Protein chains: 2
Amino acid sequence: MNINRPLATMTAIAEALGVSAATVSNALSGKGRVSVDLAASIKAKAEEIGYVPSQAAKALRTGRSGVIGLVLPDISNPLFPQIAQAIEHAASAAGYAVLIGDSRGQIARQTEAIARLLERGVDGVIIIPRRGSRVVDIGAPVAIIDSPSTPGNTVSADHWEGGVQMGRYLASLGHRRVLLIGQSTTSNVQVDRLGGLKAGLGPDVRRETLWVERREAEIGAGQCLGLSAKVAEGFTAFAASSDLLALRVLTELQRSGIDVPRQASVSGFDDLVWSSVVTPQLTTMRQDLDLIARNAVAALGIGIGNKDTSVAAAPMAANGERIAMQLIVRQSTAAPVAVPEEIQKREESE
Amino acid sequence: MNINRPLATMTAIAEALGVSAATVSNALSGKGRVSVDLAASIKAKAEEIGYVPSQAAKALRTGRSGVIGLVLPDISNPLFPQIAQAIEHAASAAGYAVLIGDSRGQIARQTEAIARLLERGVDGVIIIPRRGSRVVDIGAPVAIIDSPSTPGNTVSADHWEGGVQMGRYLASLGHRRVLLIGQSTTSNVQVDRLGGLKAGLGPDVRRETLWVERREAEIGAGQCLGLSAKVAEGFTAFAASSDLLALRVLTELQRSGIDVPRQASVSGFDDLVWSSVVTPQLTTMRQDLDLIARNAVAALGIGIGNKDTSVAAAPMAANGERIAMQLIVRQSTAAPVAVPEEIQKREESE
DNA sequence: TATTCATGATTAATCGTTTAATCACGCAGA
DNA sequence: TCTGCGTGATTAAACGATTAATCATGAATA
């Protein structure tokens with residue numbers, strides 16, 4: 001395009017204006033002492049020749065790359081696009097670029113992925129750890145987005161409180177028999193969400209918990225979870241710990257000829273992209289990912305500013321910010337139809 | 001962790017062994033002339049002190065950052081996780097790191113996102129352009145993953161041929177009345193897929209095309225598409241241009257009390273994560289994203305090797321590799337039930 | 001007139017690698 | 001003995017920005 005692009009350096013500006021490179025640097029950064037008119041003409045010249053600072057040189061000199069790493073051990077996580085977008089946005093607002101760190105779904109490679117990022121000279125790392133895996137000290141600023149109940153967590157949605165909200169909402173609709181559905185008990189996030197749900201539903205609501213991973217160990221993966229039987233038992237609401245699970249629940253119920261939400265309500269968590277395209281649209285809890293991302297980046301920024309990287313992680317781990325979740329009511333939840341008498345009786349006698 | 005980490009430089013190795021830094025560089029890169037035993041002891045020392053080359057210094061000196069940018073204009077694309085993972089893997093195998101470029105869903109910001117990546121000194125950019133947006137010459141190596149029918153496309157799945165496969169499969173099941181469902185006519189990918197579907201279904205199959213975006217302009221977003229009416233008309237198969245659309249179709253049909261696949265078959269494209277968790281599991285076409293990613297990175301590698309970046313894009317645009325798609329048959333498709341007589345008659349009379 | 005001081009700009013070193021150019025040295029051929 | 005050459009290593013100059021230290025200049029003060 002332009003032959004002078006590689007020449008668009010500070011020295012080039014300096015030579016063109018007959019000043020020293022240091023002056024150019026000072027003018028552009030506004031740090032040293034430069035007369036206003038010289039600074040103006042330097043900036044004009046920079047603009048004119050299309051000057052773009054060399055990140056490599058800056059990184060070499062300052063020891064900061066202006067890049068942070070983002071590690072998502074479970075990249076198949078459907079929330080990934082939204083998280084990545086939120087982090088990228090927050091990071092670029094803070095002047096950072098984001099490098100992808102992928103551990104290819106294997107927990108063991110999480111450390112390896114982090115190491116690769118560190119070799120690339122990232123100034124810090126944001127990690128969304130896979131279910132319960134611990135992050136070792138890596139000698140660099142780290143922000144962990146997991147769950148408030150995870151030790152070392154830096155910032156995350158308040159999954160418990162989100163569960164409470166959803167639980168209260170379902171109870172307020174009149175549901176008195178709710179099935180809580182989680183994928184795995186090793187996930188702090190899911191445990192929190194279901195725990196919150198129980199608390200929110202209150203003591204007057206009967207509930208049962210279904211852990212899909214455990215059930216699948218018996219019946220085989222991908223099999224029906226036997227939800228229509230639960231409806232027959234009198235369950236009127238199915239609260240899943242994630243939209244993915246909610247989707248599974250929704251389609252299984254529909255397949256069994258159960259009308260959602262008339263005969264059974266279904267709710268999820270995360271507000272994934274498809275939540276609003278399915279019929280009926282899914283009621284769910286949304287995380288404020290933008291806010292979470294901003295906090296994570298901010299926490300990192302503090303750490304990066306720290307000279308001593310080995311202790312930088314300590315002050316950050318202290319905050320453990322928890323971000324409120326937002327209830328998104330759509331079509332998959334409604335008040336239950338009148339409970340059949342025989343079930344109501346049995347329930348009372350129990 | 002170790003105070004000597006910042007000291008783990010080439011010069012440190014050189015001093016420790018009493019040789020020059022140049023010799024260390026030669027030994028480690030295997031380029032210059034170094035005696036085998038000296039090289040061995042240099043490598044040993046490097047290992048010992050935990051030497052990690054400074055990417056910044058290397059980038060400054062060589063003019064190559066070893067980083068490529070990945071631009072996904074529509075980051076909410078549910079295929080993003082898989083694409084990102086594939087690209088990251090292919091890139092790291094080729095010695096590159098991947099920087100996220102996000103245009104926040106806005107087509108106009110695509111160029112802006114690319115510019116930001118370029119400022120970061122990326123050696124090349126992989127772009128998955130949003131529906132039909134053109135990529136301007138950016139004076140750096142670019143690989144475009146879109147559709148073979150897009151001018152400038154570098155590598156992509158053979159969406160048309162994938163459509164043909166799916167069409168043949170549906171026809172072979174015995175479907176004679178198929179509804180093709182796409183989101184937007186501005187997407188080359190979707191147009192290709194539906195075009196291939198038509199070709200694959202052959203002349204004996206009656207079909208109609210539903211463009212959701214167009215329909216929603218009339219009925220409003222998120223409304224029912226009136227698919228049960230189509231079933232009543234005699235349509236036995238619904239072939240969507242993406243899994244997201246297929247999911248919408250599936251749930252709408254189920255909501256209407258239509259049994260999938262007994263009364264209607266549903267198929268999608270992309271094999272997204274949820275395809276196998278819904279009930280019934282979705283029949284779909286899978287892209288070989290790993291192969292696509294490898295090709296894209298390879299194409300970039302060629303370009304990066306080129307000194308003259310302004311013409312580097314030219315030889316790459318020439319290949320336009322198309323990667324075969326793979327049919328994943330699951331539960332959402334089956335042979336149609338016998339067609340009701342009156343419909344069959346009407347069809348014949350038309 | 002001599003001293004101090006603020007201002008504005010320059011010098012030069014530095015970050016860690018790469019690489020072309022150079023050098024020292026021993027050995028074979030003339 | 002002198003020249004030429006291959007081998008193994010060194011020198012030194014980049015790459016482009018940052019920054020502490022220095023310097024020149026003129027105005028204000030003693």
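Everything quoted here is computed from the prediction, not taken from an experiment. All chains are named by letter (A, B, ...) in the order of the sequence lines, taking the proteins before the strands, and each is independently numbered beginning at 1.
When distances run from any side-chain atom of B:Y51 to the nucleotides D:dA17, C:dG16, C:dT17, the shortest one goes to C:dT17. Among D:dT10, D:dG16, C:dT10, the nucleotide with an atom closest to any side-chain atom of A:T9 is D:dG16.
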What pairs of nitrogen or oxygen atoms, one from the protein and one from nucleotides 23-25 of chain D, lie under 3.5 Å apart?
none

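To the nearest 0.5 Å, atoms CD1 (A:I87) and CD1 (A:I145) are separated by 4.0 Å. Taken from CZ in B:F80 to CG in B:L72, the straight-line distance is 4.5 Å, to the nearest 0.5 Å. We find the CG-OG distance between B:D146 and B:S187 to be 7.0 Å, quoted to the nearest 0.5 Å.
Counting to the nearest Å, the P atom of D:dA14 and the CZ atom of B:R64 are 21 Å from each other. A:N26 has its CG atom 9 Å from the P atom of D:dT19, to the nearest Å. Summarising the geometry, the separation between CD1 on A:I13 and P on D:dG16 is reported as 12 Å, rounded to the nearest angstrom. Note: CE (B:M10) to P (C:dT19) measures 10 Å, nearest angstrom. What separates CD of A:E119 from P of C:dG16 is a distance of 17 Å, to the nearest Å. In this entry the distance linking CG of B:L28 with P of C:dG16 reads 16 Å, nearest Å. Rounded to an integer number of Å, the gap from CG of A:L60 to P of D:dG16 is 12 Å.
In terms of position along DNA chain D, the nucleotide closest to B:A22 lies nearer the 5' end than the nucleotide closest to the other residue of the pair B:A22 and A:T11.
Contact check on B:E47 versus B:K43 returns no salt bridge, with no Lys/Arg side-chain nitrogen under 4.0 Å from an Asp/Glu carboxylate oxygen. Salt-bridge check for A:R116 with A:E119: failed, with every basic side-chain N at 4.0 Å or more from each acidic carboxylate O. Taking 4.0 Å as the cut-off between side-chain N and carboxylate O, A:E321 and A:R294 do not count as a salt-bridged pair.
If you check residues 35-42 of chain B against DNA chain D, the residues with a heavy atom closer than 4.0 Å are B:S35, B:L38, listed by number.
Looking at A:T150 and A:N188, their side chains do bring a donor and an acceptor atom within 3.5 Å of each other.
Contact record, A:S65 with A:D123: N-OD1, 3.0 Å, taken as the closest heavy-atom pair. Closest non-hydrogen pair, A:S156 versus A:P148, comes out as OG-CD, 3.0 Å.
OP1 or OP2 of C:dT19 has at least one side-chain nitrogen or oxygen of B:K31 nearer than 4.0 Å. For the pair A:T23 and C:dT10, the criterion of a side-chain N or O lying under 4.0 Å from OP1 or OP2 is met. Remark: A:S20 is in phosphate contact with C:dT10, judged by side-chain N or O atoms under 4.0 Å from OP1 or OP2.
Residue contacts for A:V24: at a heavy-atom cut-off of 4.0 Å it reaches no nucleic acid atom on any strand shown.
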